[in-house]
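Below is one structure, written out as structure tokens, with a few remarks after it.
Counting starts at 1 for both ligands and their atoms, in listed order.
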Amino acid sequence: MVFGKLFSTILNPVGSSWTVELVLVAICVAIAILLRNWLKRPSNYPPGPLGIPGLGVIPFLSTFPQREFLKWSKKYGPMFSARFGLQKWVVLNDYDSVVQTLVKNSQSFHGRPSIRLFIETWTPLGIEILIHAVANVFCTFNLGKRFDYDDEKFNLLVKCILNEKHTHPAGFNPTIFRLTFPLCRNKLSKVERSVINEISIAGIVRQVVKDSTDKIETEDKNMMNSYLNKSLSIASSIEGYTTEDTVGFFTDLFIGGTETLTSQLRWGFLTMALHPEYQTRVRCEIDDVIGRNGTAKLSDQSKMPFTRAVIAELLRFRTLGPLSLPRAAVKDVTVQGYKIPKGTNVSSGPSLIVTHEKIWETPHLFIPDRHLDPDGNFVSSKYILPFGAGVRSCLGENLARAELFLVFVATLQNFELSVDENKPPSLDEGRSGIIYTPNPFNLIINQR
Ligand code: HEM
């Protein structure tokens, strides 16, 4: 009644009450239609929490949305639906639903919701020299060019990556909020800065592409050369192909491959510093197989089961992309009896699989020995999916695995890692966003 009177005064100061009533009815009908659309689900759509109209489940997500996802998966099953803002999402929470969706139906789920996913906000990194090393391995392997550490262009590249962080100090919510509400996203100066970073990275990559195109070698010495060799011979048959495609490809690789690997290594060094007993066991294996002065080779892995078990456990224990990168259904598809319409975004939850209590005993503890058989041989587990699954899984997986092993081994071969025992950093706190990184920490590094 009070609202009726208020509207009546605003809309119809001179008095004809039927106009006011008509407006009120129209508003109610509009709200009813909006609510109906909000509540409407396609038939056989995965069940899930309803959320709040317009916002979906965003207000209910904590800094670590995996926790709510776990709760909802217990209530609604391993595949549930939710709305983030106005967008429809399906969340996959166990191994079977990930394989059925992303591997068995890979041709239906090869889309990505938005390239802007790669762009988020800034936080400072702890061990800067580490990112220089990782970036240089990338440049040597992929671009065929190693930079000196005082090279201006190289330092600009690294600075751009430092500004290109995929986490937010306040956790996952601001990340998903920005991805969901484009208008809000565009207003953020930090995001603009990230765009400028991307342009700078692309500028340097463009120069490397130009230099490499001028002197392509027949022998494939690095990925850039192989790519140019192949792409130039087929380019004429691809409509609309330009050099910018090559620049975009290597820029994406650089952004996708540098921060991820650096952060995974940071988790690794912190874990080793907090578990000196495992660190000593890895070092003993290194001394036995490689020696104090030898250089690690990838072929050494077969003789180093415990080191492999530590790295496998690290990828399980601190999965860098707790919710992987989102995919989008490119056509209507039925998976495990559920209909998923074209355009639905899909998030898989590797972090939920690696903490599943039916698969892992004490999943929240770091125990490398769980990857060894009774004879001490390394046993790889299909349930650890840090690089995603299916056709859009991580393009740099092999390089990442190789680099993880070599950098990890070379570091422990030469240095002892520890922390200030009076103020030890926590392994349980990190920053969550597209990727999950440890909070900045101090490490004590002693040469052996
Ligand atoms: C520890 C290191 C790394 C982790 C944990 C990681 C993880 C991931 C994950 C989870 C995805 C999404 C996969 C999916 O949708 O199923 C991905 C995609 C991608 N990664 Fe990695 N990655 C790492 C290192 C690298 C490196 C070193 C490179 C490049 C040299 C790289 C390049 C890419 C690219 C280009 C994509 C997008 C692939 C596509 O959309 O088709 N990543 N990565």
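- Electrostatic pairing of Lys104 and Asp96 does not count as a salt bridge here, judged by no charged N lying under 4.0 Å from a carboxylate O.
- Annotation: cation-pi geometry not satisfied between Arg83 and Trp89 (NZ/CZ under 6.0 angstrom from ring centroid, within 45° of ring axis).
- With a heavy-atom cut-off of 4.0 Å, Ala389 touches ligand 1 through its backbone alone.
- Contact annotation for Pro386 and ligand 1: only backbone heavy atoms (N, CA, C, O) come within less than 4.0 Å of the ligand.
- Residues Val205 and Phe250 approach most closely at CG1-CB, 3.7 Å, considering heavy atoms.
- Side chains of His371 and Ile384 form a contact here, defined as non-hydrogen atoms less than 4.5 Å apart.
- The pair Lys210-Asp214 counts as a salt bridge, with a side-chain nitrogen and a carboxylate oxygen less than 4.0 angstrom apart.
- Both tests do not hold together for Arg327 against Phe109: distance to the six-membered ring centre under 6.0 Å, angle to the ring axis within 45°.
- For atom 23 (C) of ligand 1, the nearest non-hydrogen atom from the set Leu395, Thr260, Ile435 comes from Thr260.
- The distance from ligand 1 to the heavy atoms of Leu399 drops below 4.0 Å at these ligand atoms: 30 (C).
- When heavy-atom distances to ligand 1 are checked against a 4.0 Å cut-off, Leu325 comes that close through both its backbone and its side chain.
- Close approach of ligand 1 to Ser324 (heavy-atom distance below 4.0 Å) involves ligand atoms 10 (C), 12 (C), 13 (C), 14 (C), 16 (O).
- At a threshold of 4.0 Å, the pair Glu313-Arg316 counts as salt-bridged, since one of the basic side-chain nitrogens sits closer than that to a carboxylate oxygen.
- Using a 4.0 Å cutoff on heavy atoms, Gly388 counts as a contact of ligand 1.
- The closest non-hydrogen atom to atom 29 (C) of ligand 1, taken over Leu253, Leu314, Val103, Asn398, comes from Leu253.
- Counting atoms of ligand 1 from 1 in the listed order, those under 4.0 Å from a heavy atom of Ala400 are 2 (C), 24 (C).
- For ligand 1, the polar-atom distance check finds an N/O of Arg327 within less than 3.5 Å of one of the ligand's N/O atoms.
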